[in-house]
Amino acid sequence: MSDRTTDIGRQLSEQLNPGMEDALNARYGHLLPGMAEGVVDFAYGRQYARPGLSLRDRYLATIAALAALGGHTKPQLKVNIAGGRKAGLTQEEIAEVIWQMSLYGGFPAAINALNAALEVFEEESGNSR
């Protein structure tokens, strides 16, 4: 892994998803040494930090893809909705892109994704269930 992209990825992941690398290490490090650093390097340092799309637009695309994939992506969807909010997406934009995915992932996938979004929005406002 490149130290430069890892450093860029680490800075971006800490800005958008504080503690993610440590959480991945704590959960999976004993099974997959280096996995957390690999996620930081590739996902954040090589993908999210790329030129060509704004960070905001990358989150919109990620949320759409995870919503279309269905309910089994809920943990990742919630992380990316929270990151998208930090990157400037509004609740309405997130809801609209999720609902657009009802055409491609189906109504159950979109409704599950909307429920995940509501959980994130409630956590943001301090009204978590």
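Hydrogens, waters and symmetry mates are skipped; everything else that's a heavy atom, side chains included, is used.
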List, by chain and then residue number, the residues other than Met101 in its hydrophobic cluster (Ile/Leu/Val/Met/Phe/Trp/Tyr, side-chain heavy atoms under 4.5 Å); write none if there are no others. Leu103, Tyr104

Would you sort out whether Ile111 and Trp99 count as a side chain to side chain contact (heavy atoms under 4.5 Å, CB included), showing the intermediate values? CA-CA 8 Å; Ile111 290 169; Trp99 194 240; 4.3 Å; yes

Please assess Phe121 against Arg85 for the test side chain to side chain contact (heavy atoms under 4.5 Å, CB included), listing each intermediate value before the final yes or no. CA-CA 9 Å; Phe121 302 157; Arg85 293 284 290 141; 4.0 Å; yes

Say you draw a straight line from [atom1] of [X] to [atom2] of [Y]; how long is it, rounded to the nearest 0.5 Å?
| X | Y | atom1 | atom2 | answer |
| --- | --- | --- | --- | --- |
| Gln47 | Leu12 | CD | CG | 12.0 Å |
| Ile98 | Leu114 | CD1 | CG | 5.0 Å |
| Asn80 | Leu60 | CG | CG | 11.5 Å |
| Asn112 | Phe107 | CG | CZ | 13.5 Å |
| Ile81 | Thr62 | CD1 | OG1 | 11.0 Å |
| Asp41 | Asp7 | CG | CG | 9.5 Å |

State whether the number of non-hydrogen atoms from other residues, nucleotides or ligands found under 6.0 Å of Glu96 atom CD is greater than 12. no

Decide if atom CD of Glu124 counts as having more than 12 heavy atoms of other residues, nucleotides or ligands within a radius under 6.0 Å. yes

Between Thr73 and Leu66, is there a donor-acceptor pair closer than 3.5 Å when you use the side chain of the first and the backbone of the second? yes

I need the minimum non-hydrogen distance between [X] and [Y], along with the two atoms involved.
| X | Y | value |
| --- | --- | --- |
| Ala109 | Ala68 | CB-O, 4.3 Å |
| Arg50 | Arg46 | CG-O, 2.8 Å |
| Ala64 | Val97 | CB-CG2, 3.7 Å |
| Gly9 | Tyr44 | O-CB, 3.4 Å |

Could you pull out every donor-acceptor pair under 3.5 Å between side chains of residues 15-36 and any protein atom, sequence neighbours left out?
residue	atom	partner	partner atom	Å
Glu21	OE1	Arg10	NE	2.8
Glu21	OE2	Arg10	NH2	2.9

Could you see if Leu77 belongs to whatever hydrophobic cluster contains Val39? Use Ile, Leu, Val, Met, Phe, Trp, Tyr and a side-chain cutoff under 4.5 Å. yes

With sequence neighbours left out, the residues meeting side chain to side chain donor-acceptor pair (under 3.5 Å) with Lys74 are Glu119

